[in-house]
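No hydrogens, no waters, no symmetry mates; every other heavy atom, side chains included, goes into these values. Numbers restart at 1 for each chain; the letters A, B, ... are given by sequence-line order, proteins then strands.
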2 protein chains.
Amino acid sequence: MVRRPTVYDVAERAGVSIATVSFTFRQPHRVKRSTKENVLAAAKELGYVPSGNARGLARGRTGALGIYSFDYYSLGPGQDPDSAAGSDGAKAPAFDDSNPDLRSFPVYVDEVQRGVALECRRRGYTLIVSGGNQAGSETAFADIAGQVDGLAVFPRSVSDDVLESISRMIPVVEFSERSHTDTLSGVTCDNAGGMRLLTEHLISTHGFKDLQFVGPSRIFPDSLARYEGFQTQLRSSGFAELHDPLVAEEGAPGWPEKLMENLLAQESLPEVLVCAQDEIALGLMGELSAHGISVPDQIAVTGFDGIAAGLVSSPQLTTIKQPMELMGRTAVGILLDRFEHPETAAQSLELPVQLVVRQSCGCLPL
Amino acid sequence: MVRRPTVYDVAERAGVSIATVSFTFRQPHRVKRSTKENVLAAAKELGYVPSGNARGLARGRTGALGIYSFDYYSLGPGQDPDSAAGSDGAKAPAFDDSNPDLRSFPVYVDEVQRGVALECRRRGYTLIVSGGNQAGSETAFADIAGQVDGLAVFPRSVSDDVLESISRMIPVVEFSERSHTDTLSGVTCDNAGGMRLLTEHLISTHGFKDLQFVGPSRIFPDSLARYEGFQTQLRSSGFAELHDPLVAEEGAPGWPEKLMENLLAQESLPEVLVCAQDEIALGLMGELSAHGISVPDQIAVTGFDGIAAGLVSSPQLTTIKQPMELMGRTAVGILLDRFEHPETAAQSLELPVQLVVRQSCGCLPL
DNA sequence: CTCCGACATCAATGCGCATAGATTCTTTAC
DNA sequence: GTAAAGAATCTATGCGCATTGATGTCGGAG
């Protein structure tokens, strides 16, 4: 491991000034061909790679975008973090995945991030990925904010005032939120409309009359909009009274069991459980199955998001699919627009969703 | 969008020197409590976030690791890149995913990257994600190499000499390769052993006598090792002659069709197709199904990697599962070890694999 | 009352690069 | 052959921060 060569080293070796070296890389047309070749050769021999930090500092921009999420896949409390790398597996000869762990599938955050990554690459930006964890959350956020030309964040991963503050300095787009301020951009999908569409399907195609909503305990704006869409459709379909929504303490250990208890504690089962998120629906279906309640024969279940795991579940999950990759790409577009035109106002976009009809509502055969 | 405040702004507002501001953040114990509070207040009011570039430059390290991959999910040739963000979807009322696009599932690269991301976060490093594409591949690599304290790369995403050169400056670990040099580290899995295990299963459990290997056209070291494992097991099971391997031009448009042609052009079908990668196996199963050839009844198929899509296929794919997340975490461990102890030699680790028995070999009922 | 050490703060410098402006070398036009 | 225009290169500077070594301040020991 030798010291990284700098422009000075290259300049010396090529017998030119550092400005010429820099020009060779940044403004090649300004350098005579022979000189250029000279410099490039010297650079190659030395293994020169420009320091991104120095470049960013000098140019006043980093050439990177950031994505920051909450710690949605944090290690469980019981885990020893130090054992994470290295000491894991004795060679197990066989492996049973008849009940696949959903965590091995990408969730909402992953799929959006993928879109961000693709678009960054296409536009020649690098992507910096970070996220909060219990420990150094503030620090981590400051770190990434200080390293990027624009930042995409997932909801509730950063406190509102910090976010508002940062968004005055660099373009920031938040997913799944309406933009709070005129400096903070947003990318959402049509939560209310999607849920109306789904609810309408359940009512008119399946003839359900007894629908119950299941929402998360942490009220995210998107969940709220979905609940509103649900209610709106019920009303416009002429339903008068409706179940109180069930609340899933998603994230808390054992939440599916607890949710199931609450469901069974009701005097009767609804015909269909309309879940605000795929993950809730999948967790619930696991419990229903464990209690011998057949989906969709005895009760139908639907989700919202369209994560890949919904294809693997049994039965496959009927859901509303968000255009997650597109949301990520769109976010990048907004960030770079604003970075290049700082005078423009923040913008919020809402993207369309799709109804995906599968087995868990009773449409497709198992 | 206002100018980002700097230490100078904070210092002025707090009535101290920039050194004190810096100390407040980096060495808080050296600053009197009252001063510290003063500075922190000023920083908060201004929305100060330290510049990562300046910090990195001053300290000689970036606090970031990088991951660089080939462009495994590049846009197809026919796509208009400019249409990617924004102008996509008319709101389709329904959506049929009875034949899910495998690209919506994470592939090998994604799952390894996820491990890298997790471990980076756990260790307080940010992660920079980049990858080559046809256009500015060299540039992209130089960009990321200049921004990180250590770099993980996927095989064949960077030319060997560039890699060798960079690995003399910063720690570099390559996945799925044996380490070429004493400066380049590697993380692989037990490709040969895994394939032997699988082959042995096919022979002794299923009694297959007519096995054919299907490999990729681009000979990666891991594919080679798998083929060797396959051959080794056949020999040690007393098989004399064996099929020539089939070659899948994976990546090229229409490769599954072409592969299928080549398969059918043989005088007889083997009993089982042992594929070097899950993706080949899945593509092949699609073609087999299209030709009305039933898997596993008429022909068995197996894969290698253990990507999530193999759970969704019909039939579900029997395969060897690499510990992808662990490989990513391990890579981070190696990089940071070397970053902290530059005098130590590069190291290569081989991680164990698991046999995952599902439907496509005929073990589980459909 | 003086001196010394501990503590708090500051001034000055360099990290590696991009770039404006100055300088030198080449080419073109007359 | 010469001057002006242009091309090529260089010198000098600043980006924002961390850090070293210097300076200043204060309290206690002598």
Donor-acceptor pair, side chain of A:S165 and main chain of A:D161, under 3.5 angstrom: no
Touch class at under 4.0 angstrom, heavy-atom based, for A:V16 against every strand present: sugar-phosphate
Sidechain-backbone polar pair: A:D149 side chain, A:L65 backbone, donor-acceptor under 3.5 Å: no
Touch class at under 4.0 angstrom, heavy-atom based, for A:Y48 against every strand present: sugar-phosphate
List every contact pair, protein side and nucleotides 19-21 of chain C side both N or O, where the distance is under 3.5 Å.
none

Gap between atoms NE2 and C1', on B:H29 and C:dC7 respectively (whole Å): 12 Å
Members of residues 32-44 of chain A that approach DNA chain C, where some heavy atom sits under 4.0 Å away: none
Donor-acceptor contact below 3.5 Å, side chain A:T330 vs main chain A:L326: yes
Whole-Å distance separating the CD atom of A:Q147 from the P atom of D:dG16: 16 Å
Spacing between B:F25 atom CZ and D:dA18 atom P, to the nearest angstrom: 9 Å
Crowding at CD, A:E164 (>12 non-hydrogen neighbours, <6.0 Å): yes
Plane angle bin for A:F25 and A:Y48 - parallel if under 30°, tilted between 30 and 60°, otherwise perpendicular: tilted
Minimum heavy-atom distance between B:V332 and B:C120, given as atom pair plus value: CG2-SG, 4.1 Å
Between B:F154 and B:Y68, ring centroids under 6.0 Å: no
Gap separating the OG atom of B:S17 from the CD atom of B:E12, nearest 0.5 angstrom: 13.0 Å
Strand contacts (DNA chain C) in residues 6-15 of chain A, 4.0 angstrom heavy-atom criterion: A:T6, A:V7, A:Y8
Sugar-phosphate, base or nothing in reach of A:V21, heavy atoms under 4.0 Å: nothing
Value in whole Å for how far the P atom of D:dG14 lies from CG of A:L57: 13 Å
Check: B:S185 side chain, B:Q347 main-chain N or O, donor-acceptor pair, under 3.5 Å: yes
A:T20 side-chain N/O to A:V16 backbone N/O, donor-acceptor pair under 3.5 Å: no
Pair B:R122 + B:E119, salt bridge at N-O below 4.0 Å: yes
